[in-house]
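Presented below is the structure to which this report refers.
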Amino acid sequence: MTRHLITTAIDYVNASPHAGHALEKIQADVLSRYYRSLGDEVFFLTGTDENSLKNVQSAEKEGLPVKEFVERNAKQFMRLAQELNLSNDDFIRTTETRHTLGVQKLWQACLKDIYKKTYQGLYCVGCEEFYKEDELVNGLCPEHKTKPELISEEDYFFRLSKYQHTLSELISSNQLEIIPESRKNEVLNFINSGLEDICISRSTQRAHHWGIDVPNDSNQKVWVWFDALSNYITALGYATESEQFKKWWLTGEDLLHCIGKGISRFHAVYWPAMLLSAGLPLPKRIFVHGYLTVKGEKMAKSLGNIVDPFQLLDKYGSEVVRYFFIREFSATEDGNFSEERIQERYQSDLAEGLGNLLSRVLALGEKYHSPILLEKNELLDFRQKIEKQYQQKMQEFKFNEALASVWDLVNALNKYLTDKKPWKTITNNPKEFEEQLATLVLSLGKVALLIAPVMPETSEKILEALQLKNLTETNWHNLKVSLKTGIPLFPKL
RNA sequence: CGCGGGGUGGAGAAGCAGUAUCUCGUGGGGCCCAUAACCCCAAGACGCAGGUGCAAUUCCUGCCCCCGCAACCA
């Protein structure tokens, strides 16, 4: 694969971003940067979901016009992308014209599978939601403790049931790959237990006039599935069949969605079905990550345990936050967040591990008053072994283990220093000293390259300090570098 | 019989059939280039009960506990 479209889920803008949003964005960015580092082409897309009724409700609660409310919150998500130092190529907002037009076009492309039907359900006016009978508590809305009304409404439905067999085939055969395996099984279970058609519109009134009109029916608004999921193609220019859309979607080699475990069903079932109906290519891979928890519990407003990513970024900076989120958690499992762990990781891995190692190397280099010839690398075999592990782990979406491998190298270099004692060879045996330092510089340069997808700025700083910046790795050999001490990479807290 | 994830030293995590690993913390030693950093050694753990195997933390069964999700609420 040489051309990757990488997407994140688009976020609801009914509240400010939390740390969980940041986790997904960082993972997707790491993937994007990783593939670019291999020389592949990448289009990295992220954005916001602004048409949902939740936004209308939240806006009303704050007494703001919906448009203004959505605008304000969307800016927070854009700011988050910036502060996380994401390398996204675009940012789609579902209130943009390119999206609206694309959604309507997709709807029309699926017309043969869309029909009108009367839906009858128990509707709570307070929640503005339908409830199923067994969701009620003593026949009352669990939220408002009121009796829901039985109402009926004529809505549009999508013939999801028709695609049950095809979807099951595509997923079991990995033509549509779902990572990890456990999520794939979950989705297959769901599909094989029988798919029902889904409702894809709601009355304009119930939608509070917010959202995208169903083509040729202004009494109905497009409901979440067609609206939100389609962002992946509308952003690329589906509405106008742009060159970009052709390049990345129609003839894309890798279409990879990064999403949270809560929405795997929609991405692995509804979305491919819509695309099948419209005769468009399907995504190739869906990568499902876990959630951040706090003390073992889900992050939730009601529990008051929301972690604010902006605070973390202010305090620790994007490099450290990125490193922590990638190193600390297994990407596909839930991860228990705590700020103490950030500090522990910072202290041991970054300050006393990598940062101190660079200091040691630079200080020794500076003591040796002439440039060091990068000729010998005594740790070449080990370094290659590490790189192999790293590549494998990255391909398997085990980012934390990939970093662990890199730190095996960091630790080995610290040990190498302790064992070889270059501060002695510098006087006894200058030639040996130079070889030892060359080993260290070349290996540390490798470390810098390997961490680049996760910590792009740190990587640059290290390469610069080692005077290897802007050189391809193959040109490192037989280079002469003059090292100088600088400011610590990660000062102690 | 709804579905899924999980229970590993004091804390947080890896591992998932064959001397149980890492980070922090604790105790001891070494080094002295370095961000009082680095290196080495030590104490300390596989929820419970059965089963299969030469061998189980790892596979199977049952139980207990924790956490999510249960279909128009992404």
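Because the structure is predicted, anything quoted here is derived from the model rather than measured. First the proteins, then the strands, lettered A, B, ... as listed; each starts at 1.
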C1' gap between B:G18 and B:U23, integer Å
27 Å
Take atom P in B:C54 and the same atom in B:C1, then report the distance between them in whole Å.
37 Å
Under 3.5 Å: donor-acceptor pair, side chain of A:Trp107, backbone of A:Asp227:
no
Would you measure the distance from the C1' atom in B:A11 across to the matching atom in B:C3 and give it in whole Å?
32 Å
Side chain of A:Asn336 only, please: which of B:A14, B:C39, B:G12 is the nearest?
B:G12
Could you go over nucleotides 26-31 of chain B and give all protein N or O partners under 3.5 Å, atom names and distances?
none

B:C41 and B:C22, which share atom name P, separated by this distance in whole Å
10 Å
Rounding to the closest angstrom, what is the interatomic distance between B:G62 and B:G5 at atom P?
15 Å
Please output the side-chain donor-acceptor pairs of residues 398-406 of chain A that fall under 3.5 Å, not counting sequence neighbours, one pair per line with the distance.
{"residue": "A:Glu401", "atom": "OE1", "partner": "A:Lys393", "partner atom": "NZ", "Å": "2.8"}
{"residue": "A:Ser405", "atom": "OG", "partner": "A:Gln389", "partner atom": "OE1", "Å": "3.1"}
{"residue": "A:Ser405", "atom": "OG", "partner": "A:Glu401", "partner atom": "O", "Å": "3.3"}

Is it the case that the side chain of A:Gln220 and the backbone of A:Thr204 share a donor-acceptor pair, with hydrogens and angles ignored and the cut-off at 3.5 Å?
no
What's the closest nucleotide to the A:Asn414 side chain, out of B:A37, B:A34, B:C38?
B:C38
Any A:Tyr390 side-chain heavy atom under 4.5 Å of A:Met394 side chain
yes
Can you check the distance between B:U8 and B:A45, where both ends of the measurement are the P atom (answer in whole Å)?
14 Å
Could you please name the option among B:A34, B:A14, B:U35 that lies closest to any side-chain atom of A:Arg360?
B:A34
Show the atom names and distances, to 0.1 Å, of all donor-acceptor pairs under 3.5 Å that link a side chain in residues 10-20 of chain A to residues at least two apart or in another chain.
{"residue": "A:Asp11", "atom": "OD1", "partner": "A:Lys25", "partner atom": "NZ", "Å": "3.4"}
{"residue": "A:Asp11", "atom": "OD2", "partner": "A:Lys25", "partner atom": "NZ", "Å": "3.1"}

Intra- and inter-strand pairing of RNA chain B, written as dot-bracket with Watson-Crick and G-U pairs under 3.5 Å and | for the latter, reads .((((((..((((....[..)))).(((((.......)))))....(((((..]....))))))))))).....
Going by the ring-ring contact (aromatic ring centres under 6.0 Å, His included) test, which pairs reach into residues 419-438 of chain A, not counting sequence neighbours?
A:Tyr368-A:Phe433
For ring pair (Phe, Tyr, Trp, His ring centres under 6.0 Å), just list the numbers for A:Phe69 and A:Trp210, CA-CA rounded to whole Å, side-chain angles, deciding distance to a tenth of an Å, and then say yes or no.
CA-CA 13 Å; A:Phe69 173 85; A:Trp210 184 251; 9.6 Å; no
Are A:Val441 and A:Ile372 side-chain neighbours, meaning at least one heavy-atom pair lies under 4.5 Å?
no
Please check if the side chain of A:Asp213 supplies one atom and the backbone of A:Pro215 the other of a donor-acceptor pair under 3.5 Å.
no
Please measure how far the C1' atom in B:U19 lies from the corresponding atom in B:A56, and state the result in whole Å.
15 Å
By nearest-heavy-atom nucleotide on RNA chain B, the more 5' of A:Phe329 and A:Leu195 is A:Phe329
Between protein and nucleic acid, restricted to nucleotides 1-8 of chain B and to nitrogen or oxygen atoms under 3.5 Å apart, what atom pairs and distances do you find?
{"residue": "B:G4", "atom": "O2'", "partner": "A:Glu186", "partner atom": "OE2", "Å": "2.8"}

Would you mind calling B:G68 syn or anti? Take O4'-C1'-N9-C4 for purines or O4'-C1'-N1-C2 for pyrimidines, and syn is within 90° of 0.
anti
Does the plane of the ring in A:Phe157 sit parallel, tilted or perpendicular to the ring in A:Tyr115? Use 30° and 60° as the thresholds.
parallel
Among B:C73, B:U35, B:A14, the nucleotide that comes nearest once only the side chain of A:Ser330 is considered:
B:A14
Show the numbers, then the answer: is there a ring pair (Phe, Tyr, Trp, His ring centres under 6.0 Å) between A:His257 and A:Tyr232?
CA-CA 9 Å; A:His257 295 313; A:Tyr232 303 126; 4.1 Å; yes
With the side chain of A:Ser348 defined as its heavy atoms from C-beta on, choose the nearest nucleotide among B:A71, B:U23, B:C33.
B:U23
Nearest 0.5 angstrom please: A:Leu350 CG to A:Glu344 CD, how far?
13.0 Å
Whole-Å P distance, B:C63 and B:G2:
12 Å
Among the nucleotides B:C73, B:C38, B:C33, whichever has the atom closest to the side chain of A:Lys54 is B:C73
From CG of A:Leu417 across to P of B:C40 the rounded distance in Å is 13 Å
